[in-house]
Amino acid sequence: MMLFGAGSGHADDKGLWIADDPQRTAQHLYDPCRDGRLSDGKPRTCAEIRRMYGGTRWGDWPDPDLSLDACSDGRVSDGRPRTFSGLLGSYFAFANTHPMIAFATVYAAAVFVLFLLERYIPYERRWLLSDGETVNDIGHTLATKGLLQLAGLVAAVFPMYAATLQPLAALKFGLWPSDWPMVVQVALAVVIAELGLYWAHRIAHEKLFFWRFHALHHSVARLWVINTGRFHVADSLFKLAMSQIPLYCLGAPLHVFWWLGAVTAFMGILTHCNVDMRTGIFDFVFSTPRLHRWHHSKDLREGNMNYGENVVIWDLIFRTYYNPNRPSSIDIGIKGQIAPGFLKQLAQPFTKEGVRQILGRPSRGS
Ligand SMILES: [Zn+2]
Ligand SMILES: [Zn+2]
């Protein structure tokens, strides 16, 4: 991190400059562009940058009108104030940790409550028994989430990474209605992102090339709150790209992405939980446990339906909505075999033999 007039020092864990002489730190100017300037030409201290990037509660994240240019090209080109367009992941470097901790705490509490409800009012009692996959489930959840964090870190550490996004940034049309109430913006983001999620998910079921990755998620013989995040990292990246790039091009501000992530995280644990809950009319709006159980059915007439991750609007429009008037399926899983062990599961889609096992085809050797 280069600073002008800062003297000697080092970058802290948020990527902010800390001078060796603490007296000077607060006066030092932070230069995210590495050319000694901010986009509006206004110098800012570290403390100000911290305030700008680090909210302490939801909704406090970077101001959409923030004029700091995160420098997709390493320079301030026209001095025009911009939204935080360069890189999605930079907040990992700039935001203080409180929102992350708050989110993680609420999320862990929700998982715990669902875990308890699963024991009191399970939809399927057999699904309370271990399938020997819990460690792998957690491993895939952490790998997928960790990859996102890593992408953010890479984006923050290497500004050149952002330069590769420049053509994307140029696609931004600035159509996003930033002046609408936040709740409406988030609802809009959920529906737009869902279109990408829907097609990524549907393609993953209909094209063998993508199914080889998605099959891991469907290989479970029980549904419960812990296997919500059991996705192959390649599957997750595909979904992420399909769902978030349109929002990025529309110019959605960063905190909308945060809220979208929160909605998706909570809907995920809900759709997978083994709790016998009545969802009634919500089945026509949200992806509920009832609808998602059909999606996990071994019977492909049921399983290749209900692709919605958060909401079901695109299933309704593209005629893949499935909600017959009977209890949803408990006969779930795939016809093929998933490798035992976390690393083998990650590698399996990349070998011919592995793909044959996933598809349930006879091995070459047999
Ligand atoms: Zn699926
Ligand atoms: Zn699922």
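Order of listing sets the numbers, starting from 1, for every ligand and every atom in it.
- The only option from R212, H214, H201 that meets the side chain to side chain donor-acceptor pair (under 3.5 Å) definition with D235 turns out to be H214.
- The name of the N, O or S atom in H205 nearest to the Zn ion (ligand 1) is NE2.
- Around the Zn ion (ligand 1), the two atoms NE2 of H201 and NE2 of H218 are separated by an angle of 160°, to 10 degrees.
- In the model, N274 has no side-chain atom that pairs as donor or acceptor with a side-chain atom of R222 under 3.5 Å.
- For the Zn ion (ligand 2), the nearest N, O or S atom contributed by H296 is named NE2.
- Closest N/O/S atom of H295 to the Zn ion (ligand 1): NE2.
- Using a cut-off of 2.8 Å, one finds that H214 contributes an N/O/S atom close to the Zn ion (ligand 1).
- Angle subtended at the Zn ion (ligand 2) by H292 NE2 and H217 NE2: 150°, rounded to 10 degrees.
- K298 has its side chain out of reach of K335: every pair of non-hydrogen atoms, C-beta onward, lies at least 4.5 Å apart.
- Atom CG of L223 sits about 5.0 Å away from atom NE2 of H296, to the nearest 0.5 Å.
- The atom name of the N/O/S atom in H272 closest to the Zn ion (ligand 2) is NE2.
- A cation-pi arrangement, defined by a distance under 6.0 Å to the six-membered ring centre and an angle within 45 degrees of its axis, is absent between R319 and Y321.
- Crowding of I281 atom CD1: a count of heavy atoms from other residues, nucleotides or ligands under 6.0 Å not exceeding 12.
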